[in-house]
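Inspection log for the structure reproduced underneath, given as C-alpha cells.
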Amino acid sequence: MTSLVIQATKYVMIVLIILYTLSTYHYLRMKTHKRRNRACVMQLFCMFMLHLTGYLAITLYTNQVSMVTFYLAQLVFFILYLMFFHIFYRKASRLLINNTCMLLAIGFIMLTRLNVDRAVRQFIITVAAAVVAMVVPVIVRKMRYLWRFGWIYAGIGIAALALVLVFSMTSYGAKLSFDIGGLFSLQPSEFVKISFVFFVASMFQTSISFKRVCVTTVVAAMHVLILVASKDLGAALIYFVAYLLMLFVATKSYLYLLGGTIAGSGASVLAYKVFGHVKTRVQVWKDPWVDATGDGWQIIQSLFAIGSGGWLGAGLYQGMPETVPVVRSDFIFSAISEEFGAIFAIALILICLSCLLQFLWISTWMDGMFYKIIAFGLAAVYGVQVFLNIGGVIKFIPSTGITLPFVSYGGSSIMSTFIMFGIIQGLYILKQDEVDRIEQEEEQERRRQAVHAQRYGKGAEGSGKSGEGRRRNPSGRGKNQKSK
C-alpha cells in the first residue's frame, strides 16, 4: 500500500512542477499586474502542494512522526519568508521569490530522502541565510555610493582567497573551505564571487579606457590565479567567464571577447597538462569505462541513476541515489532525475533558466552602468554555475565540483545565493522606485495642465465673447441710445 501511495505521489509531483513551470513562463509573457498575480498564485499553490506531497511520501515510507514536525517547520518558514518579503518589499519580483521557495522545497525533499541530519542542518542554514539576505535589498536601495569601493572589494576578495590557499585543508584534491567548530564549513570563494562582481562593476563605472581595462584584468586575473593555485578550478572558471562577459557588456568590444576566449582556451590546455586531477577528470569525461571502478565510478553511477529514472522516475526511496559519490552536493541532480524522472528534471532546469532570464531582464532595465554590470555579472555567475553543475552530472562537460544553487547541500552556497538574489531584488526595487517616481511626476504634470487648461480656457472663452460684442457694437452704446 505504501509503495502505491509513493508511486501516486510521484505522478502528482510531476504534474505540479509542470504546472508551476508553465505558470512561470506565463508570468514572463504577461504585461498587466493582474495577470501576473494570477500566475504567482498558481506558482505558490503548486509549490506548497509539491512540498506537501513530497513529505507525505517521506512520512509514509519512514513512518516517523519527526518528518511531520520537520515538514511543518519548513512550512512555517516558507509562509513567514513570503509574508515578510511582501510586507517589507511590496515592489520585489514575486517570480524570483516564488522560484527561490520552489528550488528550496525540491532541495529539502531530496536531502531529507538522502540524509535527514544533513537536511536539518541545511534547513537551519537556510533560515539564517534568509534572515541575513532580508536586509540586502535595503542596503542596495539606500546606499547610492557602492560603486566607490572598488579597490576595497578587490582587497577583501584577494585576501579571503589567499587565506584559503594558505590555511585551509585539502578536500577532493582542492583547498576550498575552513571548518568552523567542526560543525560548519565556510567556503570563501562562494562569497568572493559577489565582491568580484562589485569590483568589476565599480572599475567600469567611471571609465572603460584601455588602461582601466588592463588594470581591472590584472586584478581579476589575480583572483583566478589564486583559485587555480588552490585547485578550485570550477570556481576559477566561473570567475573567468563572468569577468569576460562583464568586460564585453561594458566595452561592447568583440576584440576583448575574442582575446579572452583564446586566453581562456590556452589556460585550459595548460591546466590539463599541469594538474593531474584535471587530466583525470577530462579522461573520465571522455571515457569513464577506462577506470570504471576507480575515477570513472562517480560519473558512471550518475549516468546509471539518470537512465534508470526514465521519464517519470522511480519514486521516492525506490531508486539507489546513494551509490553516486557526493550525491548530496555536486550530484544531487542525478538523484532528482532518478527518483523524480527526466520530465521533473527538465522542469527544474527551466525554473533555473527563468531565474537567469529575470536577472538578464533586470540588467537591461537598469540605467546606470554600475547597476547594469552588477545584474549582468550576477546573472553570469548564476548561469555558469547551473550549467557547470548539470553539465558535469549528465557528462556534457567534465565534472567541476560545483553545487546547484538552492538545491544542493552546502551552507556557503545557500548563503551566497540568497545574497545574490537579494542584490537582484534590491536592483529591481530601485528601478521600480524610479519608475513610480516618473509616473507620479507625469501624473502631477497632467493634472497641472488640466487645471491650467480648465482655468484659463474659460477665461479666454469669456474674453473672446466680450471682444466679439465690442466688435459688433464698437461705439459701446445700447439700443436705447441709438433710438434717441
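Worth saying up front: this structure is predicted, and the values here are computed from it rather than measured. We number each residue from 1, following the sequence as shown.
Looking at heavy atoms from C-beta onward, Phe149 lies out of side-chain contact with Ile156 at the 4.5 angstrom threshold. The shortest side-chain heavy-atom distance between Cys352 and Leu356 does not fall under the 4.5 Å cut-off. Two residues are said to be in side-chain contact when any heavy atoms from C-beta on lie closer than 4.5 Å; Val127 and Tyr81 fail this criterion.
Ring geometry for Tyr428 against Trp365 counts as tilted: the plane angle lies between 30° and 60°, on a 0 to 90° scale.
A salt bridge links Arg113 and Glu322; the closest N-O separation between the charged side-chain nitrogens and carboxylate oxygens is under 4.0 Å.
Sorted by first then second residue, the salt bridge (Lys or Arg N to Asp or Glu O under 4.0 Å) pairs that include residues 76-104, not counting sequence neighbours, are Lys91-Asp433, Lys91-Asp436.
Listed by chain and number, the residues in a ring-ring contact (aromatic ring centres under 6.0 Å, His included) with Phe248 are Tyr254 (sequence neighbours excluded). Partners of Tyr371 by ring-ring contact (aromatic ring centres under 6.0 Å, His included), not counting sequence neighbours: none found. Annotation: side chain to side chain contact (heavy atoms under 4.5 Å, CB included) contacts of Val228 (sequence neighbours excluded): Val224, Leu233, Ala236, Phe275. Not counting sequence neighbours, Phe376 has no partner by the ring-ring contact (aromatic ring centres under 6.0 Å, His included) test. Qualifying salt bridge (charged side-chain N to carboxylate O under 4.0 Å, His left out) partners for Lys395, counting only residues two or more places apart in sequence or in other chains: none.
Side chain of Gln122 to backbone of Ser408: a donor-acceptor contact under 3.5 angstrom is found.
Taking every heavy atom of both residues into account, Ile419 and Val136 meet most closely at O-CG1, 4.0 Å.
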